[in-house]
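Per chain, numbering begins at 1; letters A, B, ... match sequence-line order.
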Protein chains: 2
Amino acid sequence: MLSQATMSQPHGAVRRFATVPPCPASLKSLFGGQPVETFEPGTAVFWEGDEARHVFEVVEGVLRVFRILSDGRRVITGFLYPGDLLGVSLKDQYLYTAEAVNRTKLRRYEHGRFQDEINRSPELRPQLFACLCDEMAAAQDQMVLLARKSAEERVASFLLLIARRLGGDVRQPVIEIPMTRLDMADYLGLTIETVSRTMTRLTNCRVIAPSSRHALVVRKLGKLALLAGESDADDKDGAGGRAIQQAVWPN
Amino acid sequence: MLSQATMSQPHGAVRRFATVPPCPASLKSLFGGQPVETFEPGTAVFWEGDEARHVFEVVEGVLRVFRILSDGRRVITGFLYPGDLLGVSLKDQYLYTAEAVNRTKLRRYEHGRFQDEINRSPELRPQLFACLCDEMAAAQDQMVLLARKSAEERVASFLLLIARRLGGDVRQPVIEIPMTRLDMADYLGLTIETVSRTMTRLTNCRVIAPSSRHALVVRKLGKLALLAGESDADDKDGAGGRAIQQAVWPN
DNA sequence: CAAAAATGTGACGGTTTGTAACAACCGGGA
DNA sequence: TCCCGGTTGTTACAAACCGTCACATTTTTG
């Protein structure tokens with residue numbers, strides 16, 4: 001799923017001249033020609049406030065994206081997996097810091113040229129648009145989680161999210177958790193202790209089983225979905241799927 | 001800040017024929033030709049799960065956008081003000097419900113035609129892109145608020161947000177709060193009681209002064225910014241602005 | 001004007017936090 | 001290979017913040 005189409009990149013001058021340029025068919029192929037850069041665990045790709053020069057594609061590894069309040073409180077707004085884009089925004093400064101969780105490989109694309117390519121290609125545009133919409137949907141899910149879910153629901157939701165992101169292949173319930181408990185806590189708006197306690201409880205309930213420190217087995221996916229709220233119980237693991245239209249909320 | 005440029009709206013048939021069409025220069029003018037629809041307070045523009053047929057522009061009034069968990073918990077993910085767009089996403093279903101807070105006027109645009117217009121116009125595209133990026137930035141701010149801020153910081157942040165949204169004109173510290181306490185609570189991830197108590201406390205501190213039930217005066221904008229966290233203290237109302245680079249976070 | 005809804009305020013309790021001590025794990029170096 | 005220090009993860013307990021419940025008060029609606 002990747003690098004094809006290196007081709008000649010149009011330099012600054014060429015913009016609107018319809019000389020039938022390479023015109024990559026997919027976002028991946030856009031990055032395909034770029035060299036791969038490696039980031040060691042804990043190293044930053046860029047910092048909040050840095051001038052936003054580049055857009056990145058995650059090739060391998062996991063990144064955390066976060067902001068820090070003036071007194072040190074950290075909020076992780078998302079984790080990035082292979083295939084995700086990083087730094088897509090029109091601001092001239094990055095709004096957040098991006099750090100490698102584990103050893104990570106990225107491809108870099110210069111921001112202005114990225115915009116040009118997007119602007120030029122009616123193929124790429126909807127793909128980018130779709131990416132942004134997915135990101136927005138994820139952000140809304142996260143707002144729901146942070147605003148109203150209990151600690152247990154948050155942890156369950158998180159595990160479910162990871163399980164789904166990895167388990168494109170079904171019935172492979174061993175999920176890797178490359179991030180630390182602190183990462184999870186700062187993503188879920190909890191403390192490490194609460195995360196720990198909650199995972200212990202889920203283990204005692206036989207919903208999950210620890211595999212190693214950064215991997216576990218999901219034993220009851222349906223139960224997990226139930227605990228996560230969202231009524232995402234439309235999985236194939238039992239668990240009653242209630243899709244009842246909700247009562248109208250009072251003004 | 002609004003309806004200029006009515007111009008002839010291109011009717012259904014005309015789509016890709018380059019007959020030098022109106023080609024609106026701004027998103028506003030795109031909606032300019034559409035009729036204005038009015039929604040009474042509490043009425044829904046659309047529901048979560050509805051087929052996403054239209055994109056809307058808010059002409060007047062305020063909307064709340066929310067999702068509801070299976071057991072009734074509500075999370076308001078945002079409030080929309082005049083000039084904002086509603087329903088911009090590529091999903092075939094709306095991901096949230098949109099309701100009028102007060103009497104609201106909207107213009108509607110058919111989804112497919114909206115996409116066509118956007119695709120065709122190199123002027124409109126960056127505007128839409130900017131809208132999405134702003135929305136994304138707002139969502140991230142909200143995640144920070146929900147994940148790590150105290151009740152007082154949340155309320156202060158909210159008031160500050162409203163004050164800035166309205167107060168394009170400086171030094172006009174009377175801000176209207178059209179939404180109910182329950183709306184505020186469901187937006188801030190708190191209960192109505194906590195919102196009430198916190199606003200009382202802010203009143204006692206002379207930071208705000210109630211005007212009517214849905215309006216108040218911000219007496220100390222700088223203090224409010226300070227209480228809101230974010231170190232947004234780069235306002236012009238005193239309050240030390242600390243912009244110290246944060247210590248690097250351990251792994 | 002009466003009834004319903006929204007808001008404000010207090011006491012109390014629960015979930016989560018913070019502190020701390022301890023256990024488990026990882027990575028080097030001898 | 002084993003040992004050892006530092007990091008990470010777990011558990012216990014007291015405290016804090018916010019939610020729950022209850023009710024008074026104000027505002028809105030019919």
Side-chain angles (χ1 to χ4, degrees), chain A residues 40-42 64 71-75 101-103 145-156 158-159 176-204 208-216 227 229 248-251, chain B residues 40-43 64 69 71-75 101-103 145-156 158 177-204 208-216 227 229 248-251:
Chain A
E40 294 302 316
R64 60 178 160 252
D71 62 347
R73 286 172 288 184
R74 185 180 71 159
V75 178
V101 169
N102 49 19
R103 175 174 289 216
L145 182 149
L146 293 170
R148 288 289 178 227
K149 287 193 181 177
S150 69
E152 194 171 79
E153 290 173 317
R154 294 183 198 200
V155 172
F158 175 75
L159 296 178
E176 303 270 341
I177 318 272
M179 52 291 280
T180 67
R181 294 288 186 267
L182 184 58
D183 287 333
M184 289 178 57
D186 286 349
Y187 180 64
L188 299 176
L190 301 170
T191 60
I192 37 179
E193 294 90 341
T194 301
V195 171
S196 248
R197 277 187 283 260
T198 305
M199 292 195 63
T200 301
R201 205 179 316 144
L202 289 178
T203 301
N204 292 338
I208 61 175
S211 177
S212 78
R213 197 163 235 178
H214 288 284
L216 54 82
L227 289 174
V248 179
W249 215 242
N251 188 358
Chain B
E40 295 302 316
T43 57
R64 59 179 160 253
L69 292 173
D71 63 345
R73 286 172 287 183
R74 186 181 70 159
V75 179
V101 170
N102 48 20
R103 174 175 291 214
L145 182 148
L146 293 170
R148 287 292 179 225
K149 287 193 180 179
S150 69
E152 193 169 80
E153 289 173 316
R154 294 182 198 201
V155 173
F158 175 74
I177 318 273
M179 53 289 282
T180 67
R181 294 287 185 268
L182 184 58
D183 287 333
M184 290 177 56
D186 286 348
Y187 180 63
L188 298 175
L190 301 170
T191 59
I192 36 178
E193 294 91 339
T194 301
V195 171
S196 250
R197 275 189 282 261
T198 305
M199 293 195 63
T200 301
R201 206 179 315 144
L202 290 178
T203 302
N204 293 338
I208 61 175
S211 178
S212 78
R213 201 151 224 180
H214 288 283
L216 55 82
L227 290 175
V248 179
W249 218 245
N251 187 2

Atom [atom1] of [X] to atom [atom2] of [N]: distance rounded to whole Å?
X: B/Ile192; N: C/dG8; atom1: CD1; atom2: C1'; answer: 10 Å
X: A/Arg73; N: C/dT17; atom1: CZ; atom2: C1'; answer: 14 Å
X: A/Arg181; N: D/dT11; atom1: CZ; atom2: P; answer: 11 Å
X: A/Leu182; N: C/dG18; atom1: CG; atom2: C1'; answer: 14 Å
X: A/Asp183; N: D/dT7; atom1: CG; atom2: P; answer: 16 Å

Using the test side chain to side chain donor-acceptor pair (under 3.5 Å), find all partners of B/Ser196 that sit at least two apart in sequence or belong to another chain. none
Sequence neighbours excluded - salt bridge (Lys or Arg N to Asp or Glu O under 4.0 Å) pairs with any residue from residues 145-155 of chain A: A/Arg148-B/Asp186, A/Lys149-A/Glu230, A/Glu152-A/Arg201, A/Glu153-B/Arg73
Under a 4.5 Å cut-off applied to non-hydrogen side-chain atoms, are [X] and [Y] in contact?
X: A/Leu190; Y: A/Val155; result: yes
X: B/Leu202; Y: B/Leu227; result: yes
X: A/Leu145; Y: B/Leu146; result: no

Below the 4.0 Å mark, does C/dT9 have OP1 or OP2 next to a side-chain nitrogen or oxygen of B/Thr200? yes
Sequence-aligned protein contact record of nucleotides 15-30 of chain D, with B where the base is within under 4.0 Å of a protein heavy atom and S where only the sugar-phosphate is: ---SBBB----BS---
Can you list everything that forms a salt bridge (Lys or Arg N to Asp or Glu O under 4.0 Å) with A/Arg103? Sequence neighbours excluded, please. A/Glu40
Partners of B/Glu193 by salt bridge (Lys or Arg N to Asp or Glu O under 4.0 Å), sequence neighbours excluded? none
Say whether, by atom type as modelled, one donor and one acceptor occur between the side chain of A/His214 and the main chain of A/Thr180 under 3.5 angstrom. no
For the helix from C/dC1-D/dG30 to C/dA30-D/dT1, what angle lies between the axis at the first five pairs and the axis at the last five pairs, to 10 degrees? 50°
